[in-house]
2 protein chains.
Amino acid sequence: MEKIASKKFSAGEKLPSENKLADRYGVPRMTVRAALTRLEERGYIYSKQGKGRFLKEESTQIQLHLTGKISFTEKMEQAGYDLETRLISCEKIRYDEKIYKSLACGSGDSVYKVSRSRFIDGQPMAIHKSFVSEKMFPEIKTEGPDIRSMFAYYRKHGHTEFANNKTLLSISFPTSTEQQLLQCKSMVPLIMVESDCIDAATGDVLEHTKILYRSDKFKYDITMD
Amino acid sequence: MEKIASKKFSAGEKLPSENKLADRYGVPRMTVRAALTRLEERGYIYSKQGKGRFLKEESTQIQLHLTGKISFTEKMEQAGYDLETRLISCEKIRYDEKIYKSLACGSGDSVYKVSRSRFIDGQPMAIHKSFVSEKMFPEIKTEGPDIRSMFAYYRKHGHTEFANNKTLLSISFPTSTEQQLLQCKSMVPLIMVESDCIDAATGDVLEHTKILYRSDKFKYDITMD
DNA sequence: ACACAGCCACTTGGCGACAAGTTACGATGA
DNA sequence: TCATCGTAACTTGTCGCCAAGTGGCTGTGT
């Protein structure tokens, strides 16, 4: 059943119809439909009623070095990609134990989420969420919507050297809003990288970040040296 | 539609029936079925005809530090997990450009794949594939099936200090055989970590490894320091 | 000979009815 | 009173028909 997937229809377009595949492999059409639906949800094909199913052109994966020494912006520009960042929102979040603990905040403090999406060559590739406490940056509520680069914002407030502490990587699937933002289907896994950015000089936690990468667009270099 | 997922039925058992959910949310049964099927393929629920759908008990994620300094075996035993390794196969592979290049082999050389599965507390968690050239280890064909630990095997052949070069991380979905080996459903993403293990003293490439982790069972610590 | 319109064969999308499996409850008989 | 069998009311699984959309082919009129 799933063998249909890898059967080198590597051409850019056109698939046999559901009935053809059903006859060819001797399985009911529903089975073929289910398999094709899975392929569509993973983003490999798309379908048009009345016309047929077509393979999407394969997108090349961008190799990304997962180190916190330089910002995402600098990484991509060093690699020669056309990067664009758009602000999605800047709003106060509800209490979240893990985030508040990372930022050394109590339940009485306010924490703001600055969300932005990263576009490479016009395609959305990642969502970057920065959690910042009002305690550390009192003007975040008003300044947040104008932030272009978090690192630049921190430098403006007197922080010069940055470091990352514990960095965790896990896999999730996109919510419906994340599907819209990343223009991907529901079964495209996302790689979530969670980390705290600290001021290397004082040790203060500046932000807690959650970055969601489209797993089909990136390959991660996690070389340890 | 997908909101059904997170709707805190966090109890260990029992979901409303398809018809109930369809009436409740005012959508056709097929839509509910599609959503539930996705949940089943992701491994969150299971269904029994005539009985109903049930939530699986949530499995805790194991935190794994992705450094190549110590072996997977040592990592897990240090963390206090009951680890068991079973050999799956040891066989010669067809020519693969990337693997052969990593091992500094030409198309005339033979390369063997040593596959083993890792069990933690009796549950399969990862598949470990080691690619070894006959050029480097002439006895691999006969000794391969008896290997318990690759590192121990390399030490036996005079290699004492190990290092990793470029380590790449990417996401894939399990093939049908991988689904069987890992006892997981088709939509559970796998994390593939690819790396070369080299002799730190001589610089020789000992093996090229591909490790497939169940992404729902692990959380990865990729802290850089 | 050419243009246009309608029909038909093909595609995917969707819905409804029925099949299969399980459980609970009640009727019936000893 | 208790056991057993049958039926009915659920559950999920499956199949097939029909609707909707597209494109090509053919017939007909100018």
Side-chain angles (χ1 to χ4, degrees), chain A residues 1-58 173-174 176 179-180 183-188 216, chain B residues 1-58 173-174 176 179-180 183-188 216:
Chain A
M1 320 303 170
E2 262 77 325
K3 63 191 63 170
I4 302 175
S6 53
K7 285 301 172 203
K8 55 211 154 201
F9 287 103
S10 47
E13 311 282 329
K14 139 166 116 205
L15 249 76
S17 76
E18 298 177 355
N19 288 320
K20 295 273 181 59
L21 290 172
D23 291 343
R24 172 72 187 80
Y25 292 95
V27 294
R29 191 168 86 108
M30 285 300 296
T31 306
V32 175
R33 263 186 86 74
L36 291 173
T37 302
R38 281 198 288 269
L39 285 180
E40 185 170 354
E41 285 172 339
R42 286 188 196 177
Y44 294 128
I45 61 176
Y46 66 94
S47 58
K48 268 213 169 68
Q49 186 177 159
K51 297 192 69 174
R53 295 200 140 93
F54 305 90
L55 276 87
K56 287 187 181 176
E57 68 279 15
E58 50 191 341
F173 287 100
S176 53
Q179 288 172 39
Q180 289 177 6
Q183 287 175 25
C184 67
K185 295 314 201 65
S186 61
M187 285 300 185
V188 174
D216 57 341
Chain B
M1 321 301 173
E2 264 75 327
K3 62 191 65 170
I4 302 173
S6 53
K7 286 301 172 202
K8 56 210 154 201
F9 288 102
S10 48
E13 311 281 329
K14 192 67 155 287
L15 251 74
S17 76
E18 298 177 353
N19 287 321
K20 296 273 181 59
L21 290 172
D23 290 344
R24 172 73 185 78
Y25 292 94
V27 293
R29 189 169 87 106
M30 286 301 297
T31 305
V32 175
R33 265 189 83 73
L36 291 172
T37 302
R38 282 197 286 269
L39 286 180
E40 185 170 354
E41 286 172 338
R42 288 188 196 176
Y44 293 128
I45 63 177
Y46 66 95
S47 59
K48 270 215 167 67
Q49 185 176 163
K51 299 191 67 173
R53 295 201 139 92
F54 306 90
L55 276 87
K56 286 188 181 175
E57 68 280 14
E58 49 192 341
F173 286 101
S176 51
Q179 288 173 38
Q180 289 176 7
Q183 286 174 28
C184 67
K185 296 315 203 64
S186 61
M187 284 299 186
V188 175
D216 57 342

Participant: With sequence neighbours left out, what residues match A:Lys48 under side-chain contact (heavy atoms from CB on, under 4.5 Å)?
Facilitator: A:Lys51

Participant: Identify, with sequence neighbours excluded, every residue that meets side chain to side chain donor-acceptor pair (under 3.5 Å) alongside B:Arg29.
Facilitator: B:Glu18

Participant: Return the set of residues passing side-chain contact (heavy atoms from CB on, under 4.5 Å) with B:Phe173 (not counting sequence neighbours), or none when no residue passes.
Facilitator: A:Arg42, A:Pro189, B:Met187, B:Pro189

Participant: Would you mind reporting whether A:Glu40 and A:Ser47 have side-chain heavy atoms less than 4.5 Å apart?
Facilitator: yes

Participant: Among residues at least two apart in sequence or on other chains, which ones pass side-chain contact (heavy atoms from CB on, under 4.5 Å) with B:Ser17?
Facilitator: B:Asn19, B:Lys20

Participant: Please round to the nearest 0.5 Å and tell me the distance separating atom OG1 of B:Thr37 and atom CZ of A:Arg38.
Facilitator: 9.0 Å

Participant: Can you tell me how far apart CG (B:Leu21) and CZ (B:Arg33) are? Round to the nearest 0.5 Å.
Facilitator: 12.5 Å

Participant: Using C1' atoms of five pairs at each end, report the bend of the helix from C:dA1-D:dT30 to C:dA30-D:dT1 rounded to 10 degrees.
Facilitator: 40°

Participant: Give a yes or no answer on whether the side chain of A:Gln179 reaches the backbone of A:Pro174 with a donor-acceptor pair at less than 3.5 Å.
Facilitator: yes

Participant: Check side-chain contact (heavy atoms from CB on, under 4.5 Å) between B:Asp23 and all other residues, then give those that pass, not counting sequence neighbours.
Facilitator: none

Participant: Generate the contact string for nucleotides 13-22 of chain C. Rules: B means base contact, S means sugar-phosphate contact only, - means no protein heavy atom under 4.0 Å.
Facilitator: BBB-B--BBS

Participant: Starting at NZ of A:Lys185, measure out to CG of A:Leu39 and round the result to the nearest 0.5 Å.
Facilitator: 11.5 Å

Participant: From the 5' end of DNA chain D to its 3' end, which nucleotides mark the outer limits of contact with chain B, defined by a 4.0 Å heavy-atom distance cut-off (strictly under)?
Facilitator: D:dT11 to D:dT14

